[in-house]
Amino acid sequence: MASFSNFQMIHFLLIFSSYLLIPTSSQSHSHQPHNHVAFFIFGDSLLDPGNNNYINATTVNQANFNPYGETFFKYPTGRFSDGRLIPDFISEYANLPLIPPYLQPGDHEFTYGANFASGGAGALDEINQGMVVNLNTQLRYFKKVEKHLRQKLGDEESKKLLLDAVYFISVGSNDYISPLFRNYSMFYSHKQYLDMVMGNLTVVIEEIYQKGGRKFGFVNMGPLGCLPAMEAIKLQQGSSDECLEEATVLVKLHNTVLPEVLQGLESKLKGFKYSIFDLYTTIKERMDNPSKYGFKEAKKACCGSGPYRALYSCGGMRGTTEYELCSNANEYVFFDPFHPTERAYQQLAELIWSGTHNVIKPYNLKQLFEHSEEEIPCNQFEYLPYTLNN
């Protein structure tokens with residue numbers, strides 16, 4: 001492993017090269033009418049393009065070292081995979097440039113959108129506190145962007161951009177996984193804990209709506225209890241179950257309640273439209289029938305150590321220097337014990353973009369991108385309260 005000073009130099013060169021190779025959202029036509037739909041992204045490592053490169057995070061919540069990024073970018077960008085993530089593919093399908101990390105230095109105009117997602121973030125501020133950009137902070141960054149757009153484009157054009165934009169959110173996994181790995185029991189019932197997660201998520205949705213957001217895409221919880229990483233916990237517990245029950249219970253509760261919450265918002269917030277992608281079923285199908293989807297391995301990670309490569313040691317920068325790396329990530333569903341490969345992400349993104357009601361409903365993202373909001377009076381931006389108890 002390189003010395004610390006050498007690693008710093010390598011990291012600097014990689015970040016510098018990312019400015020050259022990855023388009024930013026800065027444009028020279030910031031005052032021209034936009035003819036595209038902006039894309040704003042909130043959430044966790046499923047969507048993080050490298051925001052954690054620019055905060056005081058530990059390597060547990062970073063992926064800016066080899067072999068991450070090896071397949072597409074040929075260098076680590078901070079994405080938790082061997083290549084591109086879901087937002088990268090959606091941007092391509094929507095004829096947008098890659099949306100860079102919001103925290104990446106540069107002259108951002110944000111007319112194409114912004115990506116605020118942070119690996120390790122949860123809906124609750126307490127999750128990985130001080131080491132990630134939590135959801136409430138992501139919302140605060142969005143409000144800064146909204147103010148910037150109003151200053152650059154004027155009230156009318158910025159309002160239209162925000163009304164037409166699509167807001168994509170994936171959050172909750174870390175809220176349900178973190179307690180398992182920190183070896184402490186929850187002080188709340190499952191329902192109480194879920195209400196806290198959903199309550200925070202609802203407030204964020206409402207605040208985005210207040211600023212003009214109308215079209216939202218959501219990803220439900222994947223089969224967290226069945227991830228390769230869970231094999232390490234199951235071995236400690238001596239469990240022979242296929243999936244870790246503690247995680248699965250919360251996931252199923254989340255996936256039951258999320259549609260109810262969004263239906264409630266739809267009935268209260270004029271013009272609110274949403275889609276929910278069934279990540280749980282689509283990932284589980286690939287784990288149960290990998291060859292059907294072009295994979296050879298779905299239970300073991302491509303990169304990690306120990307049985308099933310379940311230890312989160314990929315890259316040798318997380319306390320364990322030894323790790324194994326498969327020869328072809330395209331054959332695997334999971335790149336590391338928690339995160340899918342680029343090939344898996346591409347399959348998911350295709351379904352999110354144009355999938356049918358068996359995987360995404362009531363709209364797919366293509367339909368949301370193509371739907372243009374009618375002019376809404378300024379008073380429609382006023383805050384409309386909503387609580388889970390209504």
Side-chain angles (χ1 to χ4, degrees), residues 25 34 36-44 46-49 51 85-91 93-94 96 98-102 108 110-118 121 123 133-150 158-172 198 200-220 258-259 261-266 268-277 279 349 352-353 360-373 376 380-381 383-384 386:
S25 56
H34 67 281
H36 59 269
V37 174
F39 191 28
F40 293 97
I41 302 146
F42 304 79
D44 51 32
L46 198 72
L47 311 179
D48 179 7
N51 277 306
L85 309 181
I86 290 170
D88 301 318
F89 291 108
I90 298 299
S91 296
Y93 305 153
L96 298 171
L98 290 183
I99 308 298
Y102 168 77
H108 301 286
F110 303 116
T111 56
Y112 288 121
N115 190 328
F116 309 101
S118 172
V133 183
N134 61 47
L135 188 61
N136 281 323
T137 303
Q138 293 178 36
L139 174 65
R140 181 162 54 85
Y141 289 158
F142 169 70
K143 290 179 179 180
K144 287 184 177 181
V145 168
E146 183 267 342
K147 182 178 179 181
H148 173 89
L149 289 170
R150 278 193 287 110
S158 64
K159 185 178 77 170
K160 185 178 188 321
L161 185 149
L162 293 169
L163 281 170
D164 288 342
V166 171
Y167 302 82
F168 193 54
I169 302 174
S170 170
V171 73
M198 287 297 180
N200 279 19
L201 176 59
T202 300
V203 169
V204 169
I205 296 167
E206 290 174 335
E207 297 244 5
I208 295 171
Y209 179 90
Q210 181 187 359
K211 294 298 182 181
R214 295 297 183 269
K215 300 182 292 183
F216 292 79
F218 298 90
V219 175
N220 75 5
L258 179 61
V261 169
L262 296 178
Q263 287 165 13
L265 286 170
E266 184 180 40
K268 290 177 177 290
L269 305 180
K270 182 177 179 180
F272 178 84
K273 294 178 174 62
Y274 68 91
S275 71
I276 305 177
F277 176 64
L279 182 65
I352 291 170
W353 179 251
I360 185 166
K361 57 187 178 182
Y363 305 95
N364 57 42
L365 246 59
K366 184 173 187 286
Q367 291 169 323
L368 290 183
F369 268 92
E370 290 177 348
H371 178 85
S372 180
E373 287 295 325
I376 296 179
Q380 289 297 327
F381 284 84
Y383 182 69
L384 299 179
Y386 174 82

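The basis for the numbers below is simple: all heavy atoms, side chains too, and nothing from hydrogens, waters or symmetry mates. Predicted, not measured: the structure shown is a model, and the values here were computed from it.
- Ser158 and Arg150 get closest at one heavy-atom pair: OG-CG, 3.2 Å.
- Taken to the nearest 0.5 Å, the NZ atom of Lys273 stands 11.5 Å off from the CZ atom of Phe216.
- Nearest approach of Pro49 to Pro100, heavy atoms of both residues: CG-C, 4.1 Å.
- For Ser170, the side-chain contact (heavy atoms from CB on, under 4.5 Å) partners two or more places apart in sequence, or in a different chain, are Asp44, Leu46, Leu47, Val219.
- Between the side chain of His371 and the backbone N or O of Asp164 there is no donor-acceptor pair closer than 3.5 Å.
- The side-chain hydrogen bond (donor to acceptor under 3.5 Å, both in side chains) search around Lys143 returns Glu207, not counting sequence neighbours.
- The closest side-chain heavy-atom distance from Asn200 to Val203 is not below 4.5 Å.
- A cation-pi geometry, defined here as NZ or CZ lying under 6.0 Å from the six-membered ring centre and within 45° of its normal, holds between Arg214 and Tyr209.
- Contact of the Pro87 side chain with the Asn115 side chain is registered, since non-hydrogen atoms from C-beta on lie closer than 4.5 Å.
- In terms of the side-chain contact (heavy atoms from CB on, under 4.5 Å) criterion, residue partners of Pro362 (sequence neighbours excluded) are, by chain and number, Tyr274.
- Atom CD of Gln138 and atom CD1 of Ile169 lie 9.0 Å apart (nearest 0.5 Å).
- The two residues Ile360 and Leu365 make their nearest non-hydrogen contact at CD1-N, 4.2 Å.
- Evaluation of the side-chain contact (heavy atoms from CB on, under 4.5 Å) rule for Ala349 yields Ile86, Phe89, Ile90, Tyr93 as partners, not counting sequence neighbours.
- Taken from NZ in Lys159 to CG in Leu163, the straight-line distance is 6.5 Å, to the nearest 0.5 Å.
- Under the rule for a ring-ring contact (aromatic ring centres under 6.0 Å, His included), Phe218 has no partner lying at least two apart in sequence or in another chain.
- The one candidate from Ile205, Val204, Leu162, Ile41 that meets the side-chain contact (heavy atoms from CB on, under 4.5 Å) condition with Tyr167 is Leu162.
- Using a 4.5 Å heavy-atom threshold, the side chains of Val37 and Val166 count as touching.
- Phe272 is listed as a side-chain neighbour of Leu262, based on a closest heavy-atom distance under 4.5 Å.
- Scored by the ring-ring contact (aromatic ring centres under 6.0 Å, His included) test, Tyr102 finds Phe110, Phe116, Tyr141 as partners (sequence neighbours excluded).
- By the side-chain hydrogen bond (donor to acceptor under 3.5 Å, both in side chains) test, Asn220 is found to be paired with Asp278, residues two or more places apart in sequence or in another chain being considered.
- Every residue was checked against the salt bridge (Lys or Arg N to Asp or Glu O under 4.0 Å) condition with Lys144, not counting sequence neighbours, and none meets it.
- At a threshold of 4.5 Å between non-hydrogen side-chain atoms, the residues Phe42 and Phe142 count as touching.
- Atom CD1 of Ile208 sits about 14.5 Å away from atom NZ of Lys215, to the nearest 0.5 Å.
- Val261 and Met198 make their closest contact through CG2-SD, 4.3 Å (heavy atoms, listed as atom of the first residue, atom of the second, distance).
- In this structure, Ile276 and Lys361 have side chains that are not in contact, with every pair of non-hydrogen atoms separated by 4.5 Å or more.
- From Asn364, atom CG reaches atom OG of Ser275 across 7.5 Å, with rounding to the nearest 0.5 Å.
- For Asp88, the side-chain hydrogen bond (donor to acceptor under 3.5 Å, both in side chains) partners are Arg79, not counting sequence neighbours.
- Side-chain contact between Leu265 and Glu206 is present, with at least one heavy-atom pair separated by less than 4.5 Å.
- Taken from CH2 in Trp353 to CD in Gln367, the straight-line distance is 10.0 Å, to the nearest 0.5 Å.
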